[in-house]
Amino acid sequence: MPIQTSVVNKDTRFRDIIVETIGPEIFDCYQCSKCSAGCPVSFSMDILPHQMIRSVLFNQQEKVLAANTIWTCASCETCTTRCPNDIDIAKVMDVLRQLQQESGRPSTVPKVSQFHAAFLGAIQKNGRVHELSMMQDFSLKSGDLKEKLKTGGWKNDVKLGLKMFLRGKLKLLPHKCRAVADVRKIFNQAKEHKKA
Amino acid sequence: MKVSFFPGCSLEGTAREYGESIEAVCKNLDIDLEELPDWNCCGASSAHCTNEFLSVALPARNLALAEESRQDLVTPCAACFSRLKTAEKALAEEKDIDLGVSFRGDINILHILELFCRDELTDHIEQQVTKPLAGLKTVCYYGCLLVRPPKIVAARHWEDPHTLDRLMTALGAESIHWPYKTECCGGSMVLTNTDIFHHLIGRILDMAIEAGAECIVTACPLCMANLDTREEELSEAKGTNYNLPVFYFTELMGLAFGDQDAGTWFNRHIVDPTPLLKAKGLL
Ligand code: SF4
Ligand code: SF4
């Protein structure tokens, strides 16, 4: 996708938020595309990592937050590792995902946020993640179960679940650690931070 | 040697054989693993994708607990390791967020593979080998977060790491050089972006087979689960027939140390590795 250099948004508030977390190195990007070249999921992205960086610098908030890039990025850290200018591209993706979720706008790949919500919900509840109940929660709330009931995909899940159960790999009940009070406090603090 | 141990959430569930083999191997090597009391989940990808504060504060609580014990903190999960190291760095830089914990940074945070690669343990490991894994052709799969980003996890070789390869060689196995040591397994995408996930694990399995490997060796519960539990599903999707055993590296250590329980670990796998091990005369 060609970058439209003519579309530079003069309002820099969006870029400022990202620069604050990532650091000023982002301005050093010289579009070498090394980040995109090594990205294992670039084939699935509508805007490639190096284009995302350029768009951030141009304050193209709407465009980057609507990209599916942030939802197919696997957080593998290859881009960050290889960038010759020390730009933490993987963290840019993190900040963009956070901003997108906070914006309340619908995501292009809603299942990803739903998975994260189920995972964090599990931590909040027990202090640790109980795999089985987290998966059930995700499956119900994301509509994954409904979809699989329609397509017959549930049969594979049941088959695998049964195999894992028989091999002692499914812990049936969650372990509540005494840390749960501390953990809930951390979640409350996180909410306060968001507001601030 | 005594260290604090942060098992991570999957060790009691899907990665049970990892936990069991770690326990056995550490007993052999006189390493006393003391589970961090009341540890909490590190937040994994879900925290860093959702909220910056959570992504540091959740692992930071564990770091503070570990420092109280004054022992190095060891974890077997590459993802937990990455989150703990990231929090360590954030705390060292004292970013303007008050996390409500004190951590001076006096202890080391290690992935369990790094512990076993410490100089003082290398000889000890070689001495423990009673049943060399002769003839077993492996490829070592490090995945992403054990080596990346190197500035955070302090990896010395991040494009072509050798630590696990050297360990496999010390156990008597053959470790084949291959180009996908640090490719991505897709992490939590297994549930959310199935097509992309299939592409990622498919290329890892294909490359391992092309390299001539008889099995893949991992050091992370997520990498293991994504490969071992999904081969059948991928075979159906692609119309192929994957049947490549995947091991936790500690299982192979236990096997080479002659541990009697090794068979029970292998029985927990979805892709049954026992025919391969029997064919090699190892079981
Ligand atoms: S690797 Fe770094 S400098 Fe090169 S395009 Fe990507 S962000 Fe820019
Ligand atoms: S962190 Fe995301 S954007 Fe960067 S290389 Fe990995 S998948 Fe691609």
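Just so it is clear: chains get the letters A, B, ... in the order the sequence lines come, proteins before strands, and each one is counted from 1. Side-chain atoms are counted along with the backbone in the values below, which use heavy atoms only and exclude waters and symmetry mates.
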**Request:** Mind ranking Leu99(A), Leu120(A), Leu166(A) by heavy-atom pairs under 4.5 Å with chain B and telling me who comes out on top?
**Result:** Leu120(A)

**Message:** Are the side chains of Asn156(A) and Glu236(B) in contact, using a 4.5 Å heavy-atom criterion?
**Reply:** yes

**Asked** Got more than 12 heavy atoms from elsewhere within 6.0 Å of CD, Glu67(B)?
**Response** yes

**Prompt:** Given the options Thr50(B), Asp195(B), Leu191(B), which has more heavy-atom pairs under 4.5 Å with chain A than any of the others?
**Reply:** Thr50(B)

**Message:** Return the OG to CZ distance between Ser45(B) and Arg97(A), rounded to the nearest 0.5 Å.
**Reply:** 7.5 Å

**Item:** Ser142(A) portion near chain B, given a 4.5 angstrom heavy-atom threshold
**Value:** neither

**Prompt:** Rounded to the nearest 0.5 Å, how far apart are CG of Leu65(B) and CG of Asp182(A)?
**Reply:** 8.0 Å

**Prompt:** Only one of Asn193(B), Thr192(B), Ile196(B) forms a side chain to side chain contact (heavy atoms under 4.5 Å, CB included) with Val109(A), so which one is it?
**Reply:** Asn193(B)

**Complete:** Checking heavy-atom separations under 4.5 Å from chain A, one finds in residues 140-154 of chain B Cys144(B), Leu145(B), Arg148(B), Pro149(B), Pro150(B), Lys151(B)

**Prompt:** Just how far is it from atom CD1 of Ile186(A) to atom CG of Asn51(B), taken to the nearest 0.5 Å?
**Reply:** 11.5 Å

**Fill in**
One should read off an interatomic distance between Leu54(B) CG and Ile123(A) CD1, to the nearest 0.5 angstrom, of 7.5 Å

**Request:** Name the region of Lys159(A), side chain, backbone, both or neither, that has any atom closer than 4.5 Å to a heavy atom of chain B.
**Result:** side chain

**Prompt:** Glu17(B): what forms a salt bridge (Lys or Arg N to Asp or Glu O under 4.0 Å) with it, not counting sequence neighbours?
**Reply:** Lys169(A)

**Asked** In terms of heavy-atom pairs under 4.5 Å, which option from Glu77(A), His116(A), Arg128(A), Lys111(A) contacts chain B the most?
**Response** Arg128(A)

**Request:** Mind ranking Asn126(A), Ile70(A), Thr78(A), Val95(A) by heavy-atom pairs under 4.5 Å with chain B and telling me who comes out on top?
**Result:** Thr78(A)

**Prompt:** Is it the backbone or the side chain of Gln101(A) that comes under 4.5 Å from a heavy atom of chain B, or both, or neither?
**Reply:** side chain

Would you mind writing out the side-chain donor-acceptor pairs for residues 199-208 of chain B within the sub-3.5 Å range, not counting sequence neighbours?
unit_1, atom_1, unit_2, atom_2, d
Arg203(B), NH1, Glu183(B), OE1, 2.8
Arg203(B), NH2, Tyr180(B), OH, 3.4
Asp206(B), OD1, Tyr242(B), OH, 2.6
Asp206(B), OD2, Lys238(B), NZ, 3.3

**Request:** State, yes or no, whether a side-chain contact exists between Gln98(A) and Glu52(B) at a heavy-atom distance under 4.5 Å.
**Result:** yes

**Request:** With a 4.5 Å heavy-atom cut-off (strictly below), which parts of residues 79-89 of chain A touch chain B? List them by number.
**Result:** Thr80(A), Thr81(A), Arg82(A), Asp86(A)

**Message:** Nearest 0.5 Å, please: how far is CD in Glu131(A) from OG in Ser10(B)?
**Reply:** 5.5 Å

**Request:** Could you tell me which portion of Arg268(B) (side chain, backbone, both or neither) has an atom closer than 4.5 angstrom to a non-hydrogen atom of chain A?
**Result:** both

**Prompt:** Got a second to check how far Phe138(A)'s CZ is from Ser188(B)'s OG, nearest 0.5 Å?
**Reply:** 9.0 Å

**Message:** Counting only non-hydrogen atoms closer than 4.5 Å, does Phe187(A) touch chain B with its backbone (N, CA, C, O), its side chain (CB onward), both, or neither?
**Reply:** both

**Thr72(A) portion near chain B, given a 4.5 angstrom heavy-atom threshold** = both

**Asked** Of the backbone (N, CA, C, O) and the side chain (C-beta and beyond), which part of Met93(A) lies under 4.5 Å from a heavy atom of chain B, both, or neither?
**Response** neither

**Message:** Tell me the closest heavy-atom pair linking Lys163(A) and Ile270(B), and the distance in Å.
**Reply:** CB-CD1, 4.0 Å

**Message:** Between Asp94(A) and chain B, with a heavy-atom cut-off of 4.5 Å, which part of the residue counts as in contact: side chain, backbone, both or neither?
**Reply:** both

